[in-house]
Amino acid sequence: METPVLGFEPRCPHLFNTNSRPSSSLPASTLSVRTLTAATVVKSPATVVVVAEAPRTKPHSKSFLTRKSAISEIEQSPDFLSSLQRLSRVLKVQDLNVILRDFGISGRWQDLIQLFDWMQQHGKVSDSTYSSCIKFVGAKSVSKALEIYQSIPDESTKTNVYICNSILSCLVKNGKLDSCINLFDQMKRDGLKPDVVTYNTLLAGFIKVKNGFPKAMELVGELPHNGIKMDGVMYGTVLAICASNGRCEEAESFVQQMKDEGHSPNMYHYSSLLNSYSWKGDYKKADELMTEMKSVGLVPNKVMMTTLLKVYIKGGLFERSRELLSELESAGYAENEMPYCMLMDGLSKTGKLEEAMTIFDDMKAKGVKSDGYANSIMIAALCRSKRFEEAKQLARDSETTYEKCDLVMLNTMLCAYCRAGEMESVMRMMKKMDEQAVSPDYNTFHILIKYFIKEKLHLLAYQTLLDMHSKGHRLEEELCSSLIYHLGKIRAHSEAFSVYNMLRYSKRTICKDLHEKILHILIHGKLFKDAYVVVKDNAKVISQPTLKRFCKAFMVSGNINLVNDVLKVLHGSGHKIDQVQFEIAISRYISQPDKKELLLQLLQWMPGQGYVVDSSTRNLILKQSHLFGRQLIAEILSKHHIVSRTMVVRSRSEPKFSRGQRGK
DNA sequence: TTAGGGTTAG
C-alpha cells in the first residue's frame, strides 16, 4: 500500500480535526498515518469512529512522489541536516512543516530547533511553521517559544491568529497567565482579530486560578462584541471555571444556555456541574443531575461517581458515602486509593477520626494500590487530634514504604515530626526535600519556624523567616509577633526589628500592640534611632507611658542631633513632654557648646508650644550664657518668663485644666 | 496550513 502523506489530509480532514485529537489518544505504533489504510480514531471514551480511506481520484504526480520520499528520507536519516541539504531543492515549505511537526510529535527537540533555524536561514518559513514550532518548543521552554515569536520579522505575521493562539496557549500551559493577558492586549492593539480559539485559550488559564471567575466572566462578556459564539469546547472550559470556583448557579445557567443553543452536554459538562455542587455538598441537586444524565443515555463513569462521592462527603452523608464507595468497589472503580482518601479526609475533618481509621485499615486490608496519599491524610488527621506519637509512627512507615513524596506529603511528615519533637527526623526531612529538589512552600516554612521557636532556636527561626521572606511568601503576623517577642528576650534586638520591618512593609495594617512591643525592645537594645523611626510613624497608637519611656531614654542616650526632632515629633503627636526631659536635653547641649544652634532652636521653640524652662535649668543656662550669646539668651528667657506667667494666670482661672492638656 | 477545552483526593 502506498503511504499517503501529502494527499491524506484533504481527503480525510476529519482525521485531523483538532477536536478528536487522535495523536494523543493513540498508541505510538498507530501514530503514523502513513501506515494506515483505515484509521481508527478514538473520539471519546464512549465513541469509536472508523474512517475508511477514500478511493483515489487520480494517481499522484511524479513530483508529489519525489517530495513524499524526500520527507521520509529526512525524517529517518541519522544525519537529517545533510539529507536536507541534498534534497532541499525538491521540498516546498509545507513539506518542511510536515517534517517539523514529525520532529515535534516524536520529541526530537534538538532536531526541531535545527530544522527551524535552517528554514529561517533559507527563507523557507510560513505562518504554520511559526504556529507549529511555537507549540512544540513551548511545551519544553516558554522563553525559547517567546524568543521565536519575538523574532518574527513581519508585523502582520505577529498578529496571525494561529500564531497568536499558539504562543498564548504556551504561556497559559506554563502558568504565565498574567503575561498571557498582557501579550493578548498588545496583540489586539497591533491588529489581532481574536477568534473562539483565542478566547478559549485564555479562559483555560482561569480554571485553576483562585478568584479566576470574575476575570473569566469579563472575557466571556467580550465575546458578543467580537462576534464570537461559544461552542461546546468553550462551554466545557467555562463550566470547569464555575466548578473550581464553587459557582453552581452560574454553572447551571451556562448548561441551560448551551442546551438552548442546541449543544448537548457531554460527560465532562455534567461532571463539572456535579463538581460545582460539591462545594456546598448539595446532594439533592447532585442526585437530580445523575437522574437527568442517565435519562439522556449517559452512563456514569468512574470520575462521575467519584465526584458524586465527593458531594456526599461534603454534605456529611457518611452512610451513603460508604454505600457509594462499595458501589465503586463493585464497579472496579476503587482500585486506587482516591475514593478512600476522600472519605477518610471528610470523616477526620468532622471529628470522626476512629471511623476514618476504620476506612484506612479496610483499605490496607484490601490491598488497594496506594502512592502514600492515604498515609499522608491519616498523619494529618492524627496531628489534628494531637495524637503525635501515632502520627510520627505513621510518618516513619511512610518514609520506608514510599520512595516518592510530593511537597504536601513531605510537609505532613515534617509537621508530625515537629509536633512530636523529633529533631533528627526533622533534619532528615529537610535533607530529603533538598535531595529531591522539592522547594519548600509557605507551609514548610511556617511549620519549621514554629518548631524552631518551640525548641528555643530563635536565631535559626529568624534565619528561616528571612529565607521565607526572600522567597516571596507572605508573613503571618502572629508568627512574626511571637518571634519578635522571643528575639527581644534573647537580646537579638536588631533581628527583632528586622522581623518587624519585614512584616510592616509587606502588610497594609499590623496590630497596634506590635509597634509598642518593638519599641520596648529597641529601647532596651539602645537602638534609639530605630526607635525614633517607629515613634515617628506610629506615635498615635503608642501608649503615653511607653512614649514617656522612649523620650526619657532618647534624651539621655539618643543621638544629640536628633533630640529636637524627637521632642517635636512627640509633642506633635499629642504627648505632653515632661519638664525633666527638657532639663536633660538642655544639660547635654550645654556640655557640648558646638551644639549651640540646637540649644537656641529648642529654647525658641518651647514657649510657642506652652513649655518653659524651670528655674534650675534657667540658672544653668545663665551660668553658661557667655557661650551662646548673652543678649540672645536673655531675650529668649524673658519670653519663657512671660509665657510662664500667663500659664500661672490661666491655671488659676481654669482650675480644672489638667496636666497633659495644653491650651492653645 | 497552522491554534483551543473540560471531570475526582491530601
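Atom set for the values below is all heavy atoms of this structure, side chains included, hydrogens, waters and symmetry mates excluded. Computed from a predicted structure; not experimentally measured. In what follows, every chain begins at residue 1, and chains take the letters A, B, ... in the order their sequences are listed.
Residue-to-nucleotide contacts include a donor-acceptor pair under 3.5 Å from the side chain of A:Ser271 to the base of B:dT7. The base of B:dG4 lies outside donor-acceptor range of the side chain of A:Asp195, with no N or O pair under 3.5 Å.
Remark: A:Lys302 engages A:Glu335 in a salt bridge, criterion side-chain N to carboxylate O under 4.0 Å. A:Asp345 and A:Lys349 are joined by a salt bridge, as a carboxylate oxygen and a charged side-chain nitrogen come within less than 4.0 angstrom of each other. For A:Arg387 and A:Glu390, the salt-bridge test passes: some basic side-chain N is under 4.0 Å from an acidic carboxylate O. With salt bridges taken as basic N to acidic carboxylate O contacts below 4.0 Å, none links A:Glu292 and A:Lys285.
Judged by distance alone, the side chain of A:His269 and the main-chain N or O of A:Asn266 form a donor-acceptor pair under 3.5 Å. Using modelled atom types, one side-chain atom of A:Ser132 and one backbone atom of A:Ser128 make a donor-acceptor pair closer than 3.5 Å.
A:Leu382 places its CG atom 14 Å from the C1' atom of B:dG10, with the value rounded to the nearest Å. One can place CE of A:Met258 at 11 Å from C1' of B:dG6, the figure rounded to the nearest angstrom. Regarding A:Asp231, its CG atom lies at a distance of 13 Å from the P atom of B:dG6, rounded to whole Å. Between the C1' atom of B:dG6 and the CE atom of A:Met230 lies a distance of 12 Å, rounded to the nearest Å. The interatomic distance linking A:Met119 (CE) with B:dT1 (P) rounds to 12 Å, in whole Å. As rounded to whole Å, 15 Å separates atom P of B:dG5 from atom CG of A:Asn266. One can place OH of A:Tyr199 at 18 Å from P of B:dG4, the figure rounded to the nearest angstrom. The CG-P distance, from A:Leu203 to B:dG5, rounds to 11 Å in whole Å.
Nearest nucleotide to the side chain of A:Thr307, out of B:dT8, B:dA3, B:dG6: B:dT8. Side-chain atoms of A:Arg101 lie closest to B:dT2 of the nucleotides B:dG4, B:dT2, B:dG10. Closest approach to the A:Asn275 side chain among B:dA3, B:dT7, B:dG10 is made by B:dT7 (side chain taken as heavy atoms from C-beta onward). Here the side chain of A:Thr201 is nearest to one of B:dT1, B:dG4, B:dG5, namely B:dG4.
Checked against side-chain contact (heavy atoms from CB on, under 4.5 Å), A:Gln436 has the following partners two or more places apart in sequence or in another chain: A:Cys405, A:Leu410, A:Lys432, A:Val438. Taking A:Val408 as the reference, A:Asp406, A:Thr412 meet the side-chain contact (heavy atoms from CB on, under 4.5 Å) condition, with sequence neighbours excluded. For A:Arg320, the side-chain contact (heavy atoms from CB on, under 4.5 Å) criterion is met by A:Tyr283, A:Asp287, A:Tyr312, A:Leu317, A:Glu323, not counting sequence neighbours. Here A:Tyr402 pairs with nothing under the ring-ring contact (aromatic ring centres under 6.0 Å, His included) rule; sequence neighbours left out. Shown here are the side-chain contact (heavy atoms from CB on, under 4.5 Å) partners of A:Lys135, two or more places apart in sequence or in another chain: A:Ser166.
Checking each of A:Thr157, A:Val93, A:Leu96 against A:Ser126 for a side chain to side chain contact (heavy atoms under 4.5 Å, CB included) leaves exactly one that passes, namely A:Val93. With A:Cys133 as the partner, the side chain to side chain contact (heavy atoms under 4.5 Å, CB included) test is satisfied by one option alone out of A:Phe103, A:Tyr149, A:Phe116: A:Phe116.
Among pairs with a residue in residues 216-253 of chain A, those fulfilling ring-ring contact (aromatic ring centres under 6.0 Å, His included) read A:Tyr235-A:His263, at least two apart in sequence or across chains. Within the structure, every pair that satisfies the ring-ring contact (aromatic ring centres under 6.0 Å, His included) test and touches residues 184-216 of chain A, not counting sequence neighbours, is listed here: A:Phe184-A:Tyr199.
A:Leu100 contributes atom CG, which lies 9.0 Å from atom CD1 of A:Ile113 (distance to the nearest 0.5 angstrom).
Side-chain atoms of A:Gln186 and A:Asn182 form no donor-acceptor pair, as typed in the model, at a separation below 3.5 Å.
Residues of residues 278-303 of chain A that place a heavy atom closer than 4.0 Å to DNA chain B, in numerical order, are A:Val303. Sorted by residue number, the members of residues 313-344 of chain A with any non-hydrogen atom under 4.0 Å from DNA chain B read A:Met338, A:Met342. For DNA chain B, no neighbouring residue in residues 180-187 of chain A is found when judged by any heavy atom under 4.0 Å. Using a 4.0 Å cut-off on heavy atoms, the residues of residues 363-379 of chain A that approach DNA chain B are A:Tyr373, A:Ile377, listed by number. Non-hydrogen atoms lying under 4.0 Å from DNA chain B are contributed by A:Ser131, A:Ser132, A:Lys135, all within residues 129-142 of chain A.
Taking 4.0 angstrom as the limit, A:Ser126 places none of its side-chain polar atoms (N or O) nearer than this to OP1 or OP2 of B:dT1. Contact check, A:Lys92 against B:dT1: no side-chain N or O comes under 4.0 Å of OP1 or OP2.
Residue contacts for A:Ala204: at a heavy-atom cut-off of 4.0 Å it reaches the sugar-phosphate backbone alone, with no base atom in range. Residue A:Thr237 is classed as a sugar-phosphate contact, given heavy-atom separations below 4.0 Å to backbone atoms only. Within the 4.0 angstrom heavy-atom criterion, only backbone atoms of the sugar-phosphate kind lie near A:Ile207; the bases stay farther away. Here A:Val196 lies in heavy-atom contact (under 4.0 Å) with a base.
Contact of the A:Tyr277 side chain with the A:Leu289 side chain is registered, since non-hydrogen atoms from C-beta on lie closer than 4.5 Å.
An aromatic stacking contact between A:Tyr268 and the base of B:dT7 is absent, as defined here by ring centres under 5.5 Å apart and ring planes under 30° from parallel.
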